[in-house]
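Below is one structure, written out as structure tokens; the observations come after it.
In what follows, chains are A, B, ... by sequence order, proteins preceding strands, each numbered from 1. The structure presented is a predicted model; accordingly, all values stated were derived computationally and were not measured. All heavy atoms count here, side chains included; hydrogens, waters and symmetry mates do not.
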Protein chains: 2
Amino acid sequence: MGYNTKQGEQIEGLLKATAGEHLTADEIVRRLAEGGNTVGKTTVYRWLDRLVGQGKARRFAGEKSESACYQYTGGAECRNHYHLKCLGCGRLLHVNCEYLDRVAEHILEHHGFVLNEEKTVLYGVCVECRTKKED
Amino acid sequence: MGYNTKQGEQIEGLLKATAGEHLTADEIVRRLAEGGNTVGKTTVYRWLDRLVGQGKARRFAGEKSESACYQYTGGAECRNHYHLKCLGCGRLLHVNCEYLDRVAEHILEHHGFVLNEEKTVLYGVCVECRTKKED
DNA sequence: TTGCGTGCAAAGGTTTTGCATGGCA
DNA sequence: TGCCATGCAAAACCTTTGCACGCAA
């Protein structure tokens, strides 16, 4: 199911190389073009859908009519930890932390709610953006 | 700043009355129409923007090209607790819990990250939807 | 009376789809 | 060869904006 193609490799490769950032479909087209690789926007959208379906990437809906951003998450290992996303720079932090694991247990026991770690993102501001603000 | 109008009251009223659910702009138009109150979609969007700005409502971006959903949060008090949103029924649970308050402290101390409780939503599945699935 | 609110129609922007062509296996 | 992938153009959608008219204060 699914062929390996030049475009697919380039899209996944770019996402992987910029895993700390988040990119819109448009930005992916532009960056690939800058690298000399022309890829149609339609193809970018189709590969992003596929990568999200495979759990290799993640989609972040934009505010209002902004474009959605996509970010590489790398697959299986990302299902076992938490994600902190910075509202300042967009960076996604991957946090392995037993304390946070216990949060899920607490929520289940005390609030009857099964936390979906894959769908949950904790929003806030990272250290870098915090110190930057103070300038 | 801002007049009180019939439409505004109806929109806020509907949102308040359905605080457990989440509605799209379209659904708001439809439900008001069913109640005999015709309100233009443009007006609905403008009031939703205002209510979100006032912290009275919250916007949840849809997947892909789905419409965004709006949900009544009631204002100031919602900034001091956590929100659990059910992926099954869309219900938003408001959780006041000292255990969860400590999560923010932990994240700051151990991960250098200032959690924004207002922007963060924990996704998962509520008790009702869990037992429903088992049928 | 003044200025904001309303709602229609139209525009704007993102994402999806149709279809002919190209490429992987 | 068979089937999927590609990419252009066009469509589909949600949301915003322009503008003339209506209503709140």
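- Residues satisfying the side chain to side chain donor-acceptor pair (under 3.5 Å) criterion with B:R59, sequence neighbours excluded, are B:Y70.
- Between B:H94 and B:H81, the angle of the ring planes goes over 60°, which puts this pair in the perpendicular group of the 30/60° scheme.
- Of the candidates D:dA25, D:dT6, D:dT15, the closest approach to any side-chain atom of B:Y3 belongs to D:dA25.
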I'd like a table of donor-acceptor pairs (distance under 3.5 Å, sequence neighbours excluded) in which one partner is a side-chain atom from residues 19-28 of chain A, with atom names and distances.
from  : atom 1 : to    : atom 2 : distance (Å)
A:E21 : OE1    : A:R31 : NH2    : 3.0
A:H22 : ND1    : A:K85 : NZ     : 3.0
A:T24 : OG1    : A:E27 : N      : 3.1
A:D26 : OD1    : A:K41 : NZ     : 2.7
A:E27 : OE1    : A:T24 : N      : 2.9

N/O-N/O pairs, protein side and nucleotides 7-9 of chain D side, under 3.5 Å:
from  : atom 1 : to    : atom 2 : distance (Å)
D:dG7 : OP1    : A:Q7  : NE2    : 3.3
D:dG7 : OP2    : A:G40 : N      : 3.0
D:dG7 : OP2    : A:T43 : OG1    : 2.7
D:dG7 : N7     : A:R46 : NH2    : 2.5
D:dG7 : O6     : A:R46 : NH2    : 2.8
D:dC8 : N4     : A:T42 : OG1    : 3.4

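- Cluster partners of A:V127, using a side-chain heavy-atom cutoff of under 4.5 Å among ILVMFWY residues and allowing indirect links: none.
- The hydrophobic cluster containing A:F60 also includes A:L87, A:L92, A:V121, A:Y123, under a criterion of side-chain heavy atoms closer than 4.5 Å among ILVMFWY residues, counted directly or through chains of members.
- Taking five base pairs at each end of the helix from C:dT1-D:dA25 to C:dA25-D:dT1 and finding the rotation axis that steps the C1' atoms of four pairs onto the next four gives two axes whose angle is 40°, to the nearest 10°.
- Residues forming a side chain to side chain contact (heavy atoms under 4.5 Å, CB included) with B:R46 (at least two apart in sequence, or on another chain): B:T42.
- Comparing B:K6 and B:Y70 by the nucleotide of DNA chain D that holds the closest heavy atom to each, the one mapping nearer the 5' end is B:Y70.
- Just one residue in the list B:T5, B:L32, B:T38 forms a side-chain contact (heavy atoms from CB on, under 4.5 Å) with B:Q10, and that residue is B:L32.
- A:L15 places a side-chain heavy atom less than 4.5 Å from the side chain of A:L48.
- Within the structure, salt bridge (Lys or Arg N to Asp or Glu O under 4.0 Å) pairs that include any residue of residues 6-17 of chain B comprise B:E12-B:K56 (at least two apart or interchain).
- In terms of the side chain to side chain donor-acceptor pair (under 3.5 Å) criterion, residue partners of A:D49 (sequence neighbours excluded) are, by chain and number, B:K64.
- In this model, the phosphate group of C:dT14 is approached by a side-chain N or O of A:S67 to a distance below 4.0 Å at OP1 or OP2.
- Only at 4.0 angstrom or more do the heavy atoms of residues 22-36 of chain A sit from any atom of DNA chain D, so none qualifies.
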Identify each donor-acceptor pair in which a side-chain atom of residues 107-115 of chain A lies under 3.5 Å from a protein atom, sequence neighbours left out, and give them as a table.
from   : atom 1 : to     : atom 2 : distance (Å)
A:H111 : NE2    : A:H106 : NE2    : 3.4

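- Contact annotation: B:W47 side-chain N/O to C:dG5 OP1/OP2 distance is not under 4.0 Å.
- An OP1 or OP2 oxygen of D:dC4 is reached within less than 4.0 angstrom by no side-chain nitrogen or oxygen of A:R50.
- Residue B:A68 places its side chain closer to D:dT15 than to any other of D:dA5, D:dT15, C:dG3.
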